[in-house]
Amino acid sequence: MRRLHHVFAASCVLLVMMTSASCNNSSVTSQQDNITSATETQPEEYGYINETSKIPASGELLVGYEPLTPSYRDVTIGSIDKVLSPIPHIRIKGKFSQEDPISFSIYLPSKELWEGRFFQMVYPLYSENASDQTLGFHFDSKAYTVQTNSRLGYMGNAAAANLSRTIAANFYDYSEKIYGYIYGGSGGSYQTIGGAESDNCVWDGAVPYIIGIPSSMNNFLIRGFARIILADKAELIADAVRPGGSGDPYSGLSEIEKSVLTEISKLGIPLIAWDDYEYLLGLKSNLLDQNVPVDYIKAFWTESGYLGTEKSDLGDLFRKLRTNGSFSEAQLAAAAYHRYAIPGPNYYAWDHLRADDGEPMYPQFSADPPNTFMGTTSAVSGGAVYDGNIKCKMIVVENMKDVDACPWSGDWYRARVAESLGSHYEDSFRIWFNENADHIGSDVQASRSHRLISYFGIVQQALRDVSAWVEEGIEPAKSTAYRVVDSQIILAPYAAERQGIQPVVTLSVNGSDRVDIVAGQQVEFEATIELTPGSGKIVLIEWDFSGTGDYKSVGFEREQDGKLNIVADFTYGEIGTYFPTIRVTTQREGDLDTQYGNVRNLGRVRVVVSQP
């Protein structure tokens, strides 16, 4: 019903298991005339992948191939190349020659740089061409790479993963088990979870992150509901939830505005995400231009029980907005769609829209064909039912400021896993929540870095931890400790009880979260940094006294017993309101020079400077 590219927009994680099926490989073909050679490289530096290395023939690589299902029997290898970037490796490109061909690429480093595993990042809008950033992380993790252009479902990814094991076993002359891991974020989380729950799961571990669940499709319209009613009060709400604010986002709102803020918050839109209200409300996007059914729009404005005809202050306001042309009929109807398409009873974020008997308070629109939340989810995931019956180890990574997928969805899926696997579900499952990270911040630009961290280092470490869990039995950090209040995730305040792998950073200015001073006055900052057990070591501390993303690193003492206090003084010469920030980076091995597995968090306060 809704456009796929509006549903998710972020990076990916991982998942893995193994299966096989028998079949005749007589129809496996190759196109040797398409094989190309690589640029020169130094043999002593890169082992046997150098200018004198022999490019293997596709027939050699496919010996013993048994497809996952008969539909993936016919394989064409289009090219086998030597590639130099990011390090020299062999790239194999091909496709499964079915009615809807799925292309794949397999990237194999030299045997000296490989330890018997592969990583596979998935997302429904990816091509089969992996980026240097992805390859660099995989190779650094001693893994080869599998990537496809599989648009719908996990089966194309699974088929490529299964094929890659045959190719790698022949390429490396390797007879032991090859472990595989899948990861994907947002739309990629659908494919990751779909594969992890499937009986056709070919991966040993999975890392879905910023996960979408069947009800997530409505989050864009819920945010549109907020935009229609609360855009004029957005700065007021944001000021309340920012560091040093009142903490009361309802102060100054009308009764209608309070009711709408309550409604969208109980639906899971995190209150702390109002810090970036322009994104939350989609003020620079077409958030409200979603494809809701025409019959629904008609019902909204004509039938009893819908907001378009409701005798209430909010109904009157919607009809006024319709009349004055502020929004179109379709936009206004779409914004309230969440009330009239409530998902099943275990979606607790919708409980406030149900009566005491559990039935919806509002009429439920029924489209033909049925308009269900599972429709798009099922198509993208490959038929996942989201029952939590995972067939592999899994670490879920969620972000506290995610307004696209919303952090409560991670808790919802955790409950499904617990229900399916029973009381010992944590033998196979973890969930880590991260502060100061949103849906799109895997690569945070400078203009947003004063309030957000890049979460991809956390995803990378989760992937490495799930592989160590599978291959060596090394248990990862415990799940983050949290509680749920009206669909808002509340993290445990201190590292020892919070767990996960993100450092906990607390910043104060002159002993508070806010200070009001005059220009020329010096203030003192004090930060407390706590590390969760086994999370790693602090490798970088940076200050941004202006709150603009202009960070400067500073020296520091080694933390003691997982804790470090650091102080700094600063004098503000110009009037204005500042949100100074300290950014802390940890790394499991304490490696300052690596770009992989860097786990960050922020501490922020408010400084208000007036004239002397």
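Here, residue 1 is the first one in the sequence, and each next residue gets the next number.
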Would you say that Leu261 contacts Leu271 through its side chain, given a criterion of any heavy-atom pair below 4.5 Å between the two side chains? yes
Run the ring-centre check on Phe545 versus Phe525 and record whether the distance is less than 6.0 Å. yes
Between Trp412 and Tyr348, does the ring centre distance come in under 6.0 Å? no
Around atom CG of Asp569, are there more than 12 heavy atoms from other residues, nucleotides or ligands closer than 6.0 Å? yes
If you count heavy atoms of other groups shown closer than 6.0 angstrom to CD of Gln133, is the number above 12? no
Can a donor-acceptor pair be found between the side chains of Ser508 and Asn510 at a distance below 3.5 Å? no
Before we go on, tell me: are the rings of Phe570 and Trp543 under 6.0 Å apart, centre to centre? no
With rounding to the nearest 0.5 Å, note down the distance linking OG in Ser189 to OH in Tyr123. 9.5 Å
Start with the C-alpha gap between Val459 and Met121, add the side-chain angles, then the distance that decides, and say whether side-chain contact (heavy atoms from CB on, under 4.5 Å) holds. CA-CA 11 Å; Val459 170; Met121 177 182 270; over 6 Å; no
Name the residue from Asn434, Thr480, Ile272 that meets the side chain to side chain contact (heavy atoms under 4.5 Å, CB included) definition with Met400. Ile272
Just by modelled atom types, is the Pro243 backbone N or O under 3.5 Å from a matching donor or acceptor in the Arg606 side chain? yes
Quick one: sort the Tyr347 and Trp408 rings into parallel, tilted or perpendicular, breaks at 30° and 60°. perpendicular
Could you verify whether a donor N or O on one side chain and an acceptor N or O on the other, from Asp404 and Asn219, lie under 3.5 Å apart? no
For Tyr279, does its backbone N or O pair with a side-chain atom of Arg223 as donor and acceptor, under 3.5 Å? yes
Any Lys/Arg nitrogen of Arg498 or Glu435 sitting under 4.0 Å from an Asp/Glu carboxylate oxygen of the other? yes
Counting C-beta onward and ignoring hydrogens, is there a side-chain heavy-atom pair between Thr586 and Glu559 closer than 4.5 Å? no
Verify the distance criterion only: is there a donor paired with an acceptor across the side chains of Thr376 and Tyr190 at less than 3.5 Å? no
To the nearest 0.5 Å, what is the distance between CZ (Phe118) and OG1 (Thr145)? 10.5 Å
Salt bridge Glu426-Lys478, side-chain N to carboxylate O under 4.0 Å: no
Are there over 12 heavy-atom neighbours, none belonging to Tyr494, within less than 6.0 Å of that residue's OH? no
Look at the rings of His89 and Tyr107 and say which category their plane angle falls in: under 30° parallel, 30 to 60° tilted, over 60° perpendicular. tilted
Ignoring hydrogens and angles, tell me if any N or O in the side chain of Trp432 forms a donor-acceptor pair with the backbone of Ile458 under 3.5 Å. no
Evaluate Glu471 against Glu115 for side-chain contact (heavy atoms from CB on, under 4.5 Å), listing each step before the verdict. CA-CA 11 Å; Glu471 297 168 30; Glu115 293 183 353; over 6 Å; no
Looking at His439, is its backbone amide N or carbonyl O close enough to the side chain of Tyr455 to form a donor-acceptor pair, meaning the two atoms are under 3.5 Å apart? yes
Check: Gln488 side chain, Ser265 main-chain N or O, donor-acceptor pair, under 3.5 Å: yes
For the backbone of Ile213 and the side chain of Ser409, can you confirm whether one donor and one acceptor N or O come within less than 3.5 Å of each other? no
Say whether, by atom type as modelled, one donor and one acceptor occur between the side chain of Ser479 and the main chain of Ile431 under 3.5 angstrom. yes
Going through the checks in order, is the side chain to side chain donor-acceptor pair (under 3.5 Å) test met by Ser164 and Tyr144? CA-CA 9 Å; Ser164 79; Tyr144 71 78; 2.8 Å; yes
How close do Leu602 and His450 get, heavy atom to heavy atom, and via which atoms? CD1-O, 4.0 Å
Applying side chain to side chain donor-acceptor pair (under 3.5 Å) to Arg600 and Thr585, what does each step give before you reach the verdict? CA-CA 4 Å; Arg600 296 187 174 92; Thr585 302; 3.2 Å; yes
Do other residues, nucleotides or ligands put more than 12 heavy atoms under 6.0 Å from Gln522 CD? yes
Would you say the side-chain atoms of Gln191 pair up with the backbone N or O of Ser150, donor to acceptor, closer than 3.5 Å? yes
Salt bridge Asp276-Lys401, side-chain N to carboxylate O under 4.0 Å: no
For the atom pair CD1 (Ile390) and OH (Tyr413), what is the distance rounded to the nearest 0.5 Å? 6.0 Å
Does any N or O in the side chain of Arg588 come within less than 3.5 Å of the main-chain N or O of Gly534, such that one atom is a donor and the other an acceptor? yes
Over 60° means perpendicular and under 30° means parallel, so classify the ring planes of Phe119 and His138, tilted if in between. perpendicular
Among Val397, Val396, Asn399, find the residue that satisfies the side chain to side chain contact (heavy atoms under 4.5 Å, CB included) test when tested with Ile210. Asn399
With a sphere of 6.0 Å drawn around CZ of Arg483, does it hold more than 12 non-hydrogen atoms of other residues, nucleotides or ligands? no
Verify side-chain contact (heavy atoms from CB on, under 4.5 Å) between Leu113 and Ile87, making sure each step is shown before the conclusion. CA-CA 10 Å; Leu113 302 179; Ile87 64 170; 3.6 Å; yes
What I want to find out is whether Asp438 reaches Arg451 closely enough, with some N-O distance under 4.0 Å, to be called a salt bridge. no
With a 4.5 Å limit on heavy-atom distance, are the side chains of Tyr154 and Asn200 in contact? yes
Run the salt-bridge test on Arg242 and Glu235 with the 4.0 Å N-O cut-off and return the result as yes or no. yes
